[in-house]
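Note on naming: letters A, B, ... go to the chains in the order of the sequence lines (proteins, then strands), and numbering restarts at 1 for each one. All values below were derived from every heavy atom in this structure, side-chain atoms included, with hydrogens, water molecules and symmetry-related copies excluded.
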There are 2 protein chains.
Amino acid sequence: MKILLLDDHKILLDGLKFLILGQQEVDSVEAVSTVEEAMQKLESFRPELIVSDISVPKEGGIAFAKNVKSSFPGIKVIFLSMHEEPYMVKEALSTGAEGYVLKKAAHEELLKAIKEVAEGGMFFSAEIQKILIRRMAFPEDEKILTVREKEVLELIFEELSNKEIGERLFISERTVETHRKNLYTKTKTNTLVGLLKFALENNLISGLH
Amino acid sequence: MKILLLDDHKILLDGLKFLILGQQEVDSVEAVSTVEEAMQKLESFRPELIVSDISVPKEGGIAFAKNVKSSFPGIKVIFLSMHEEPYMVKEALSTGAEGYVLKKAAHEELLKAIKEVAEGGMFFSAEIQKILIRRMAFPEDEKILTVREKEVLELIFEELSNKEIGERLFISERTVETHRKNLYTKTKTNTLVGLLKFALENNLISGLH
DNA sequence: TTCCGCATCCGTACCAGTGGGTATTTTTTT
DNA sequence: AAAAAAATACCCACTGGTACGGATGCGGAA
């Protein structure tokens, strides 16, 4: 089996490559640190499995995985990430990836994931499984916001005042206040900070990082 | 030479240990993933050099380094971090660390840093050096936050009011207001949202779950 | 057709936080 | 011991957003 590794932290790459090559079922491992390199390697190297970080510069690992899955549906993907925020996990798994391993896990866990996925299965770190189960039990509290409310939310996080938001959206300051009120109600928060947290956890605002 | 490795990403740890052990001047390497473990190892293992991540859970690598430097001034410290925000770098180097290597660097760079620091020198990744030089040219009033200010910042993020923060820290509400004012000044922000963004970008606050 | 969600708008009282200060005590650094 | 930094506390005018109230029109679902 041939494996392609993608992570912009080169320091992790070298050690990881060595560890993975220690497995019998693995024939060769190529390691790259940008999405561009990865795309090139896809053609020449033809891996059966990709282990990718999520927070790679530019497009990011999720967009990369989407590309891979649509161009080469046969290739398996395992995410290797430090992020365990629900929205991240959701985005990642929506690409059709077969695994999600946290960077804080022991390396044996990644090896196990590789084995499992190579055999046609799936693998998720315990923390990720917990998230999946919770989502199952409490289905979607998240897309309850209307388009307009999301717009207002975005502008709140661009540090505009209600007045400025009103001017930007061509509505009265009063209306902005109402939207704001509704945002607090719907998100079950009652402070600006709480609202920000909610927005971040549910990936409702762009930017930041 | 004996080296202690601290990083909460265990996956990085195993590979790194192997790579470092390949060096002649290195006798043994111990790898731990929490600050508590690291403190224990300090007693029993007595390393001459520590390679530490900055964003380890709880206290964080910077507080850990401060402890180390005050209790064992002879021990050298190299930070291994993904962060290249000026604020982070400044705070890290204020501990008296001898090196700062980015995780995106090749592993050879870390090995070079270890060698250099072991011989009594210092080592910084190119990006970090650039920051240092720019700071030299523009003598930046940018101050780092005090312990108390960070405490207040944390509590702001726990959605406490100034009054509540005062009660929690046994100080007057007026004092909280002052700290808050200083936070805005030091971070060059003037809205709560701006402050939040600064804090998140420089991970000054423990994660939002 | 009726009903509901969405988006729009308004008033008023209230209060938490802002922004401009000043100033003392304690701790740390030099 | 002197100087600098940190932490503490206060005053006060002001503003932005909150918490109550309401209200209208419009389009799609039942």
Side-chain angles (χ1 to χ4, degrees), chain A residues 140-199 204-205, chain B residues 62-63 65-67 69-71 73 87 90-91 93-96 139-199 204:
Chain A
E140 308 300 324
D141 321 315
E142 57 191 51
K143 49 175 181 264
I144 50 177
L145 301 186
T146 68
V147 179
R148 203 51 156 178
E149 284 163 351
K150 279 183 201 163
E151 279 174 0
V152 172
L153 190 54
E154 281 269 1
L155 294 176
I156 288 174
F157 291 119
E158 284 178 26
E159 297 174 54
L160 304 188
S161 67
N162 283 350
K163 193 175 174 186
E164 290 169 321
I165 294 173
E167 284 162 9
R168 188 77 77 85
L169 299 179
F170 307 108
I171 56 178
S172 145
E173 198 180 335
R174 304 275 147 256
T175 312
V176 180
E177 281 170 18
T178 304
H179 286 311
R180 209 169 173 131
K181 214 192 313 183
N182 292 336
L183 280 169
Y184 283 128
T185 313
K186 286 188 177 180
T187 60
K188 297 187 197 71
T189 57
N190 47 14
T191 67
L192 186 52
V193 175
L195 189 59
L196 174 77
K197 285 182 182 172
F198 178 90
L204 291 170
I205 50 173
Chain B
I62 289 175
K66 271 205 186 93
N67 272 344
K69 283 289 184 182
S70 71
S71 310
Y87 178 84
K90 187 167 181 180
E91 220 182 19
L93 297 188
S94 75
T95 64
E140 286 306 326
D141 47 328
E142 191 177 286
K143 300 240 176 68
I144 55 181
L145 304 183
T146 66
V147 179
R148 202 53 155 176
E149 284 162 352
K150 279 184 207 160
E151 279 173 2
V152 172
L153 190 54
E154 280 271 1
L155 294 176
I156 290 175
F157 279 92
E158 284 177 27
E159 296 173 55
L160 303 190
S161 68
N162 283 349
K163 193 174 173 185
E164 290 169 321
I165 294 173
E167 283 162 9
R168 187 77 77 87
L169 299 179
F170 305 107
I171 56 178
S172 144
E173 196 180 337
R174 305 280 147 265
T175 310
V176 180
E177 282 170 14
T178 303
H179 285 311
R180 213 170 171 132
K181 257 184 284 191
N182 292 336
L183 281 169
Y184 282 126
T185 312
K186 287 188 176 179
T187 61
K188 296 191 194 74
T189 56
N190 47 14
T191 67
L192 185 52
V193 175
L195 188 60
L196 292 176
K197 285 181 182 171
F198 178 91
L204 292 168

Legend entry - Euclidean distance, atom CG of residue A:Leu145 to atom C1' of C:dA7 [Å, nearest integer]: 14 Å

Inset, instruction - Would you indicate whether the side-chain heavy atoms of B:Glu159 and A:Leu195 approach each other to under 4.5 Å? - result: no

Legend entry - Rounded distance in Å - CG (B:Leu183) to P (C:dT18): 10 Å

Under 3.5 Å donor-acceptor pairs involving side-chain atoms of residues 167-176 of chain A, not counting sequence neighbours:
{"unit_1": "A:Ser172", "atom_1": "OG", "unit_2": "A:Arg174", "atom_2": "N", "d": "2.8"}
{"unit_1": "A:Arg174", "atom_1": "NH1", "unit_2": "A:Glu177", "atom_2": "OE1", "d": "3.0"}
{"unit_1": "A:Arg174", "atom_1": "NH1", "unit_2": "A:Glu177", "atom_2": "OE2", "d": "2.8"}

Inset, instruction - Report yes if a side-chain nitrogen or oxygen of A:Ser172 is closer than 4.0 Å to either non-bridging phosphate oxygen (OP1 or OP2) of C:dC10; otherwise report no. - result: yes

Legend entry - Backbone of B:Ser94 reached by a side-chain donor or acceptor of B:Lys66 within 3.5 Å: no

Inset, instruction - Give A:Thr175 one of three labels, base, sugar-phosphate or nothing, depending on what nucleic acid heavy atoms sit under 4.0 Å from its own. - result: base

Inset, instruction - Please report the closest heavy-atom contact between A:Leu196 and A:Phe157, naming both atoms and the distance. - result: CD1-CE2, 3.0 Å

Inset, instruction - Using whole Å, report how far CG of A:Asn182 lies from C1' of D:dT18. - result: 13 Å

Inset, instruction - Identify whether any heavy atom of A:Arg174 sits under 4.0 Å from a base atom; if not, whether one sits that close to sugar-phosphate; answer base, sugar-phosphate or nothing. - result: base

Inset, instruction - Show the numbers, then the answer: is there a side chain to side chain contact (heavy atoms under 4.5 Å, CB included) between B:Arg180 and B:Leu192? - result: CA-CA 10 Å; B:Arg180 213 170 171 132; B:Leu192 185 52; 3.8 Å; yes

Legend entry - From B:Glu158 atom CD to B:Leu153 atom CG, the distance as rounded to the nearest 0.5 Å: 10.5 Å

Inset, instruction - Could you tell me whether the phosphate oxygens of C:dC6, OP1 or OP2, come under 4.0 Å of any side-chain nitrogen or oxygen in A:Arg148? - result: no

Every protein N/O lying under 3.5 Å from an N/O of nucleotides 22-30 of chain C:
none

Inset, instruction - Whole angstrom is fine here: how far is it from CG in B:Asn190 over to C1' in C:dG20? - result: 15 Å

Detail all sub-3.5 Å separations between protein N/O atoms and N/O atoms belonging to nucleotides 14-17 of chain D.
{"unit_1": "D:dG17", "atom_1": "OP2", "unit_2": "A:Asn162", "atom_2": "N", "d": "3.2"}

Inset, instruction - Let me see the working for B:Val152 and B:Glu149 under side chain to side chain contact (heavy atoms under 4.5 Å, CB included), right down to the final yes or no. - result: CA-CA 5 Å; B:Val152 172; B:Glu149 284 162 352; 5.7 Å; no

Legend entry - Rounded distance (Å) that lies between atom P of D:dT18 and atom CG of B:Leu192: 11 Å

Inset, instruction - Mind checking the CZ-NZ spacing from A:Phe198 to A:Lys188? Nearest 0.5 Å is all I need. - result: 8.0 Å

Inset, instruction - Rounded off to whole Å, could you give me the CD1-to-P distance for the A:Ile165 and C:dT8 pair? - result: 13 Å

Legend entry - Annotated protein contacts, base or backbone, on nucleotides 25-30 of chain D with a non-hydrogen cut-off under 4.0 Å, one of B, S, - each: ------

Inset, instruction - To the nearest 0.5 angstrom, please state how far the CG atom of A:Leu145 sits from the NZ atom of A:Lys186. - result: 6.0 Å

Legend entry - salt bridge (charged side-chain N to carboxylate O under 4.0 Å, His left out) partners for B:Lys150, two or more places apart: B:Glu91

Legend entry - N or O in side chain of B:His179 less than 4.0 angstrom from D:dA7 OP1/OP2: no

Inset, instruction - Nearest whole angstrom, please: distance from the C1' of C:dA7 to the CZ of A:Phe170. - result: 17 Å

Legend entry - Between CD1 on residue A:Ile156 and CD on residue A:Glu164, distance to nearest 0.5 Å: 12.0 Å

Inset, instruction - For the helix from C:dT1-D:dA30 to C:dT30-D:dA1, figure out the bend between the end axes, five pairs an end, and round to 10 degrees. - result: 60°

Legend entry - Interatomic distance where CD belongs to B:Glu159 and C1' belongs to C:dA16 [whole Å]: 15 Å

Legend entry - Point-to-point distance, once rounded to the nearest 0.5 Å, from CG of A:Leu183 to OG1 of A:Thr178: 11.0 Å

